[in-house]
Structures are given as structure tokens and as C-alpha cells.
Amino acid sequence: MGKRLHVVILGLSITSSWGNGHATTYRALVRELEARGHDVLFLERETPWYAHNRDLPEPPFGRTRLYSGLDDLKSRFARAVCDADLCIVGSYVPQGSAVGEWVIDIAKGTTAFYDIDTPVTLGKLERGEFDYLTPQLIPQYDLYLSFTGGPTLEHIERRYGSPMARPLYCCFDPALYYPIGVEKKWDLGYMGTYSDDRQPLLDLLMLEPARRASHYRMVVVGPQYPACIQWPTNIERIEHLPPARHRAFYNAQRFTLNLTRADMSRAGYSPSVRLFEAAACATPVISDYWAGLDSFFEIGKEIFVAASPEETLQVLCNTTEEKRRAVGERARASALAEHTAGRRVAELESYVFEHLAGCRKPNLECGGKQLGSPAGQLVP
């Protein structure tokens, strides 16, 4: 894209990564959008949880503004939304359905819904839970940007009428994630907020291996784990690590564990940002299997797969140091080639151009909306 874009993003949070992965994704995208010359305004709803757990209260990239509620949002930021070349509404935004209706009603530029939780969202729609998206809104958004690819994209277009569903997977910033020479403190580590549907996998692929092989040092990082969990003595618990410490955390592990939530696993093609961050640090990943995993990393050469305690232990016990390093380096090369924030922003730009190229008319009207804006019309 040769023209500077004015972008407005309404997302769950960019100021706090506590208990959510959205912040990591938004930080990487906004940083890269700005680096590529675009103007970005990020709007975040002020909530007590994030207000008390902010690890980046004033992001040094783009512009971040907090709003207290829907009325405050409309009164202070209508002009910015109206004049944006691209306005993105993210999943789990408080009152997101009402926010989306407002954005679609007033935005002159391209509108997009960014679903960082696609399988969860689709499950909510089927159950009639419309807190941040309704079936009626989907065909009105110009783009449906999804953390999940594969067959799910066709489902969104066919079942819900999206004019353009495209993958916009999570990503990492190569300036933040890379190998460093630190002591290996743990043989296996895992980072993730507690969830009921993921806990059985953690029990199977880490806690049970830890019980069987007490000489291995392991660590679990993440909030909200119930006090009733009986952690083996060789598993260290860390409640929270801010993103600034993630690089050192991955580098201090011989292997790291990736676990997929049940909805994501059923849908397939739903990589976790932790997968790419660890790979960028050349830390080999042991993952549960899901459809599409091999489209991101080559199994056995760039990533290990385990489905039982025995298979986890087999990787820990039988992988030579030479092979461990080689798998990590190959995964890093793949992540650098395909999964950086720069790659994602280039994909986003291409989707916006694809949309505009497909609907531009001589009077610059598409679907009743005027394309472009006084703030800077998007052109190829």
C-alpha cells in the first residue's frame, strides 16, 4: 500500500496483558502499522480488571485512548471513526454488538470485525449469545478477520453471509522475541491462563509426566488456577509474567508446551501466539495435535507433538541436544518467514485493497458508504 492509512481499532485491551492474549496481538499490530507509516488510534473500554493490572498503561506506539462507556465513546470519538480509512472492532469488546452497529452506521471507510476468538464466537452465535457480535452484523462488516483459518472461513461466509472472511492469525514481534544466552532453568514450561477445557491436557502432558519423572524441572505461568490443584513438587508456579519477561522465559526452557482450547482444537487452524513467540526464541515446542498444525510447522522437524504422558517424556528423554537445537532453529526460521507482525500487517493491507478494488464504483460508493475520507483516502 502506498498511501498512509488512518486506522481506528476498538479492542478489548492493549494496556493490560493480564489474563488475556489480545493485548500481545494488538501491541504487535499497532507497532508495525505505525512503523509502516500508518496512523493508528486504539480505543479501549476502561474496566476495573485491566485498570488494576496494566503492564503498559501508555503504549509508546500509535495513540491509545480510554473511554468509560458507549455514550462516552460516541461523544468523543465519532469523528475519528467516521473519517478512518479502516475501522476494526475486536472480539470481546464490551457492548461490542452496539459498538459494531454504531461503527457500521457512521464509518465512511472499510469496516472489519477482528475475531481473536473465532471458534468461541461461533459457539456463542449458535447459542444465541450476542454480547459482542450478532449474526445480523456479520454481513454488514466489509471484512471478517479471523484468528482461525481453514474451513471455518468458508463457514463464516456461507452460514453468516460475510462478504469477505480472511485469516489474520496471531503474530510476534521479532524485535522482542529472539534467542539469548541464558541458563536453562526448566526442562519444560507452559504459559497460559487457566481454563476448564485446557486443564485436562495440562494434567496429561505436563503434570503426569512431572509425577513420573521428578528429576525434570518444570514451570507453569498464568493466573486464575484453582487452589485445589495438586502441583507436583518439581513444577514451579508463577502467577503472571509481563510480556517484557516472556523472551527470557522462553529462552530459559529446554522445551515449551503448547496447549489448545477445546473450541480451537475442534475448529483447527487456530495457532496460539505462544506458539510463534516460543519458536522465535528457537525454543522447541511440544504441542497437542489439531487439524492444520502442520500448515504452520512441520511435525517432527519444526515441532513435536504429544498425546500422552509417555510421548511428552519420550521427547524430554530421547531428544539429543543437537536435535533439540536443530528443531528450534528450523521453527525460528519458519516463524520469521511467515508469522511476524510485519507479515500480518502486509496481509491486512492486502485485504483492505482487495475489498476496495472489488467494490469501487465511479462515484466511489460501495454498499451505500462513501469510501475514503478527508483524513486520507486509501488508494493502491
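Position 1 is the first residue of the sequence; numbering continues from there. Small disclaimer: the values here were computed from a predicted structure and weren't measured.
Looking at E34, its side chain does come within 3.5 Å of a backbone N or O of G62 through a donor-acceptor pair. Side chain of Q253 to backbone of G189: a donor-acceptor contact under 3.5 angstrom is found. Of the possible polar contacts, none joining the E338 side chain to the S334 backbone as a donor-acceptor pair under 3.5 Å is found. In this structure, T193 contributes its side chain and G222 its backbone to no donor-acceptor pair below 3.5 Å. No side-chain donor-acceptor contact under 3.5 Å links R65 to the backbone of F42.
The 12-atom threshold is not exceeded at CZ of R245, counting heavy atoms of other residues, nucleotides or ligands nearer than 6.0 Å. Within 6.0 Å of CZ on R325 lie no more than 12 heavy atoms contributed by other residues, nucleotides or ligands. Atom CD of E322 has 12 or fewer neighbouring heavy atoms from other residues, nucleotides or ligands inside a 6.0 Å radius. When the shell of 6.0 Å around CD of E154 is examined, it contains 12 or fewer heavy atoms from other residues, nucleotides or ligands. Within 6.0 Å of atom CD in E126, more than 12 heavy atoms from other residues, nucleotides or ligands are found, so the atom counts as buried in its surroundings.
One distance of note links CG of L202 with CG of L207; it measures 5.0 Å at 0.5 Å rounding. If you take CD1 on I235 and CH2 on W186, they are separated by 12.5 Å, rounding to the nearest 0.5 Å. Going from atom OH of Y225 over to atom OG of S195 covers 7.0 Å, rounded to the nearest 0.5 Å. Taken from OG1 in T233 to CZ in R211, the straight-line distance is 10.5 Å, to the nearest 0.5 Å. T319 OG1 to R324 CZ: the interatomic distance, rounded to the nearest 0.5 Å, is 9.5 Å. Within the model, atoms CZ of R159 and CG of L122 stand 9.5 Å from one another, a figure rounded to the nearest 0.5 Å.
Counted by atom type alone, Y132 and T121 present one or more donor-acceptor pairs between their side chains at under 3.5 Å. Between T118 and S146, the side chains place a donor N or O and an acceptor N or O closer than 3.5 Å (distance only, hydrogens not considered). Side-chain polar atoms of H215 and D187 form no donor-acceptor pair below 3.5 angstrom. Residues E44 and S13 bring a donor and an acceptor atom of their side chains to less than 3.5 Å of each other. Donor-acceptor pairing under 3.5 Å is recorded for the side chains of T260 and D288.
Salt-bridge annotation for R330 and E298: absent, with no side-chain N of the basic residue lying under 4.0 Å from a carboxylate O of the acidic one. Comment: K74 does not engage D71 in a salt bridge, judged by the lack of any side-chain N to carboxylate O separation of less than 4.0 angstrom. With respect to the salt-bridge test (charged N to carboxylate O, under 4.0 angstrom), the residues R237 and E239 qualify. A salt bridge between R166 and E157 is present, with a side-chain N of the basic residue lying under 4.0 Å from a carboxylate O of the acidic one.
Tested against R344, the residues L29, L145, L33 include a single side chain to side chain contact (heavy atoms under 4.5 Å, CB included) partner, L29.
Take R31 and apply the side-chain hydrogen bond (donor to acceptor under 3.5 Å, both in side chains) test, not counting sequence neighbours, and it matches D173.
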>> Y160 vs Y144, test: ring-ring contact (aromatic ring centres under 6.0 Å, His included). Steps then yes/no.
In response: CA-CA 11 Å; Y160 291 103; Y144 195 115; 8.4 Å; no
